[in-house]
**Student:** 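Questions regarding the structure given below will be posed in turn.
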Amino acid sequence: TMAAINGTVATIGPTGSLRTTFGIRVFDKAFVGPELAELWCGNFEEMQFGAHLTGLRTEALEWSAAGGWSLTSDQRQGPYVRLGVNVRY
């Protein structure tokens with residue numbers, strides 16, 4: 001299993017983010033599970049509720065992906081998608 005919490009804070013704004021994830025290893029390839037993220041800047045706030053796939057390795061690359069539903073403080077909502085890749089030497 002895996003659990004992760006990461007975030008950022010800046011004094012300008014104030015601006016920041018917080019993301020929490022939990023995952024279970026599937027097929028000995030990657031972690032899959034739920035995620036919750038919050039982004040804020042001044043009087044704007046966005047909450048994201050979704051699922052992630054983390055740590056999928058293909059040769060020198062490690063992939064991550066997430067998707068779900070986003071709600072904002074200005075009454076907008078819709079899907080979100082995130083894709084990431086790291087190079088490992």
**Student:** May I ask whether Phe27 and Ile24 are part of the same hydrophobic cluster, defined by side-chain heavy atoms of I, L, V, M, F, W, Y residues being less than 4.5 angstrom apart, directly or through others?
**Tutor:**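 The answer is no; the residues belong to distinct hydrophobic clusters.
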**Student:** Take Leu36 and Phe49 through the test side chain to side chain contact (heavy atoms under 4.5 Å, CB included) and record every step on the way to the result.
**Tutor:** CA-CA 5 Å; Leu36 173 64; Phe49 305 92; 3.3 Å; yes
**Student:** Taking CG in Asn43 as the centre, count heavy atoms belonging to other residues, nucleotides or ligands within less than 6.0 Å. Is the count above 12?
**Tutor:** no
**Student:** Please go through Phe44's hydrophobic cluster and name the other residues, only I, L, V, M, F, W, Y counting, with side-chain heavy atoms under 4.5 Å joining them.
**Tutor:**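 Reading the cluster by chain and number, Phe44 sits alone, since nothing else belongs.
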**Student:** Determine, using the 4.5 Å side-chain heavy-atom cutoff (strictly less than), whether Val85 and Leu56 are members of one ILVMFWY cluster.
**Tutor:** yes
**Student:** How many angstroms lie between CG in Asp74 and CD in Glu46, if you round to the nearest 0.5 Å?
**Tutor:**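 Going from CG on Asp74 over to CD on Glu46, the span is 9.0 Å.
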**Student:** Which heavy atom of Trp63 sits nearest to which heavy atom of Leu83, and what is that distance?
**Tutor:** CE3-CD1, 4.3 Å
**Student:** Can you give me the closest heavy-atom contact between Thr15 and Ile12, atom names plus distance?
**Tutor:** OG1-O, 2.8 Å
**Student:** Distance from Arg88 atom CZ to Thr58 atom OG1, nearest 0.5 Å?
**Tutor:** 11.5 Å
**Student:** Test of understanding: clusters of I, L, V, M, F, W, Y form through side-chain heavy atoms closer than 4.5 Å, transitively. Do Trp69 and Met47 belong to the same one?
**Tutor:**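 Yes.
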**Student:** Show the nearest heavy-atom pair for residues Glu62 and Gly55, with the distance to one decimal.
**Tutor:** CG-CA, 3.8 Å
**Student:** Decide side chain to side chain contact (heavy atoms under 4.5 Å, CB included) for Leu61 and Asn86; before the verdict, give the C-alpha distance in whole Å, the side-chain angles of both, and the deciding distance to 0.1 Å.
**Tutor:** CA-CA 6 Å; Leu61 302 178; Asn86 290 321; over 6 Å; no
**Student:** How far does CG of Leu39 sit from OG1 of Thr72, to the nearest 0.5 angstrom?
**Tutor:**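 Between Leu39 CG and Thr72 OG1, I get 11.0 Å after rounding to 0.5 Å.
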**Student:** Taking atom OG1 of Thr20 and atom CG of Asn6, what is their separation to the nearest 0.5 Å?
**Tutor:** 9.0 Å
**Student:** What are the two closest non-hydrogen atoms of Ser64 and Thr54, and how far apart are they?
**Tutor:**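 So the two residues come closest at CB-CA, 4.2 Å.
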**Student:** Identify, with sequence neighbours excluded, every residue that meets salt bridge (Lys or Arg N to Asp or Glu O under 4.0 Å) alongside Glu35.
**Tutor:**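 By the salt bridge (Lys or Arg N to Asp or Glu O under 4.0 Å) rule, Glu35 matches Arg19, Arg82.
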